[in-house]
Amino acid sequence: MFPLGQLAPLLFLMAGASLSCEPGSPASAANATGIVCRFTKDAALVFNQETSDVIQATFRHASFPDIKGDKSILFLGSVSYVLKNLQINNMSVESSDVDLSKEKGILISIQNVAATFKGTMNYAYTSWLLKIDNSLDFKIEVQTDVDLALTLACDNGRIALTISDCMLNFHKLTLQLQKQSEVNWIRQLLTDFVSFTLRHILKGQICAEIHKMSNLLSDFTLEQAEAFLSDGEVSTSVELTGDPTITSEYVESWHKGNVFYKNLSVFQKPNAIPVERVETRMFNLWVSEPVINSLLYAAYLEDRLSLKLVDDDLLKVFEDGEFKNELNVLQQVFPAVPINDLMVKLTALRPPSILFKRVGTILEGSVAIEVDVVPERKDSYTALYMEMDIETTVQSSYANRKIHLQPSSNHWSIKALRNNPAITLDKNIAKRYLEKFFSAGGLQKIISYVEFYITLLLDKKGLQYFNISNTVLEPNKGYVTVATDFQFPRQLLENFLRNFTSTISSYFQKENGENSWEV
């Protein structure tokens, strides 16, 4: 009922968790692991600070079942009552803390949860002298601390939260009847009796509601993780290869990282990610080289590794920055064709491959470059076709919400060069012009478009909401380490509340609408 806001750290820590998993030691499944994900305690604290008040709004839309109770009192008769239309009117949380424990799991301590419930009471008092049936409004004021211990486990193909401990320490729990005309001794009887029993009811009900709502939020979080790792017909599985690990410093999970294109696997067997890993930021990700190569292969199959340049983009790439007044490369190769009538297409001839080494990320590929003439009132035709092999070492970074790719060395060779017979062209001269273009930084200009489209894709997936900082992209032999600090994506959680309000309400109504709490 109260502390769901504090569960958000756990739910979002496991955003990379899978829809299926197998229990067992992660070490035994190391050969099948393509991605390792680690969140530190500092990350949990960030989630804890930012989510409490947002999640509380969820419960203002929740429906709670009726509370029924009855009691026989020696020589006095019997009392029965029903508390109906129970709703939270006010709610606040003074503070909360999150800790990680290898023995106990994730520990959440919430101090001074205060809430006011309002509703209607129907009661009946029956004795050998008197019978009273009445209805009145009531208010329940509650103040309590909540201490939770949660563990992670695989359950029916998904990550499940297990509440191993749920303790409530009430500072205040009082029932106030709003109708002043009641007989004083009946008022006192109902107040004492209901206040006493509510303590026991709320203890069980709060823990039960934590479990129900945590599953709802967990499902939403997993859906967001899968959506982030999917685009078009390309998707990445986050199926676990072992049980998550919780230590006093971090929560870590191991994932297969299988890549699919149109539901067909294009995954290669991953390299082993080192067992000994050191976290340097709040969020740390180790990705095996074959996972990235599988993504590149899937992108190749989906025809994403191509680029068309026309008009201003064409001038931007092929102009000589040092000699503004000189003709650019294309104008030198095709002096009789206006630059506005030219279009350049770059297409991967085969899936590129990535090699991660300490010196940087080595990209190998073969590219076709086609120069087309596209006059406004005439048929278009291909003027020049060229094939190149490229090997470039790239230093990658992420700053100011943009990906940056800086080539540190380039090796390339022109393998084929063909021109349209209708165009007078000295292929040797054309080859020298093109070699000069690539030697003078032409490849870097083309890579700048790769930077742009990768950044665009990351923004499309909502990465900018996390306001990440101090990002490190560090290649090592066979894998790359991605580490970053971040702020909580409050906007995403607010979107969840807006979009899922009806789902939450119907969820509670379905679970509780036909039931009641029996005292």
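What you are looking at is a predicted structure, and each value in this text was computed from that prediction instead of being measured.
One finds the CD atom of Glu94 at 9.0 Å from the CD atom of Gln143 (value rounded to the nearest 0.5 Å). Note: Ile369 CD1 to Thr347 OG1 = 9.5 Å, rounded to the nearest 0.5 Å. From Lys402, atom NZ reaches atom CD of Glu451 across 9.5 Å, with rounding to the nearest 0.5 Å. Separating the NZ atom in Lys345 from the CD atom in Glu370 is a distance of 4.0 Å, to the nearest 0.5 Å. Note that NZ of Lys256 is 7.0 Å distant from OG of Ser237, once rounded to the nearest 0.5 Å. Distance check, rounded to the nearest 0.5 Å: NE2 of His404 to OG of Ser397 gives 5.5 Å.
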Side-chain donor-acceptor pairs of residues 466-474 under 3.5 Å, sequence neighbours excluded:
{"from": "Asn467", "atom 1": "ND2", "to": "Gln487", "atom 2": "OE1", "distance (Å)": "3.2"}
{"from": "Asn470", "atom 1": "ND2", "to": "Asp485", "atom 2": "OD2", "distance (Å)": "3.1"}
{"from": "Thr471", "atom 1": "OG1", "to": "Thr484", "atom 2": "OG1", "distance (Å)": "3.0"}

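Contact record, Leu107 with Ala149: CD2-CB, 3.7 Å, taken as the closest heavy-atom pair. Leu363 and Ile354 get closest at one heavy-atom pair: CD1-CD1, 3.9 Å. The nearest pair of heavy atoms linking Val291 to Val259 is O-CG2, 3.9 Å. Considering every non-hydrogen atom in both Ala368 and Leu349, the closest pair reads CB-CD2, 3.6 Å. Residues Val266 and Tyr261 come closest through the heavy atom pair CG1-CB, 4.3 Å. Pairing each heavy atom of Phe283 with each of Cys37, the nearest pair is CE1-SG, 3.6 Å.
Side-chain atoms of Ser109 and Asp147 include a donor-acceptor pair closer than 3.5 Å. In this structure, a donor-acceptor pair under 3.5 Å is absent between the side chains of Thr151 and Ser164. A donor and an acceptor atom, one from each side chain of Ser413 and Asp389, are nowhere located under 3.5 Å apart. A donor-acceptor contact under 3.5 angstrom links the side chains of Asn410 and Thr392, judged on distance only.
Contact of the Arg401 side chain with the Gln464 side chain is registered, since non-hydrogen atoms from C-beta on lie closer than 4.5 Å. Here the side chains of Met167 and Val146 are not in contact, with every heavy-atom distance at 4.5 Å or above. Inter-residue side-chain proximity for Met282 and Phe486 is flagged as met; some heavy-atom pair is nearer than 4.5 Å.
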Stepwise side chain to side chain contact (heavy atoms under 4.5 Å, CB included) check, Gln444 with Gln406:
CA-CA 7 Å; Gln444 172 59 40; Gln406 181 62 46; 4.0 Å; yes
Applying side chain to side chain contact (heavy atoms under 4.5 Å, CB included) to Leu307 and Tyr453, what does each step give before you reach the verdict?
CA-CA 10 Å; Leu307 178 65; Tyr453 286 112; 3.8 Å; yes
Where do Phe260 and Thr236 land on the side chain to side chain contact (heavy atoms under 4.5 Å, CB included) test, with the steps shown first?
CA-CA 6 Å; Phe260 297 89; Thr236 305; over 6 Å; no
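The backbone N or O of Phe356 lies less than 3.5 Å from no partner atom in the side chain of Thr361, so there is not a single donor-acceptor pair. With Thr144 contributing its side chain and Asn169 its backbone, the two residues share a donor-acceptor pair below 3.5 Å. Proximity of a side-chain donor or acceptor of His255 to a complementary backbone N or O of Thr33 within less than 3.5 Å is not detected. Between the side chain of Lys461 and the backbone N or O of Ser230, at least one donor-acceptor pair lies under 3.5 Å. Judged purely by atom type and a 3.5 angstrom limit, Asn284 uses its side chain to pair as donor or acceptor with the backbone of Arg281. Under the 3.5 Å distance criterion, the side-chain polar atoms of Gln395 are matched with a main-chain donor or acceptor of Val359.
When each of Val46, Ile110, Leu148, Ile106 is paired with Val98, the side-chain contact (heavy atoms from CB on, under 4.5 Å) condition holds for Ile106 and for no other. With respect to Glu289, the side-chain contact (heavy atoms from CB on, under 4.5 Å) criterion is satisfied by exactly one of Ile273, Leu355, Asn476: Leu355.
Note on Glu387 versus Lys415: no salt bridge recorded, every NZ/NE/NH1/NH2 to OD/OE distance being 4.0 Å or above. Under a 4.0 Å N-O distance rule, the pair Arg38/Glu279 qualifies as a salt bridge. Salt-bridge formation is not detected for the pair Asp165/Lys104: no Lys NZ or Arg NE/NH1/NH2 atom is positioned less than 4.0 Å from an Asp or Glu carboxylate oxygen.
The salt bridge (Lys or Arg N to Asp or Glu O under 4.0 Å) search around Asp99 returns Lys41, not counting sequence neighbours.
Here side-chain hydrogen bond (donor to acceptor under 3.5 Å, both in side chains) pairs that include residues 295-310, with residues two or more places apart or in two chains, are Asp231-Arg304, Glu302-Arg304.
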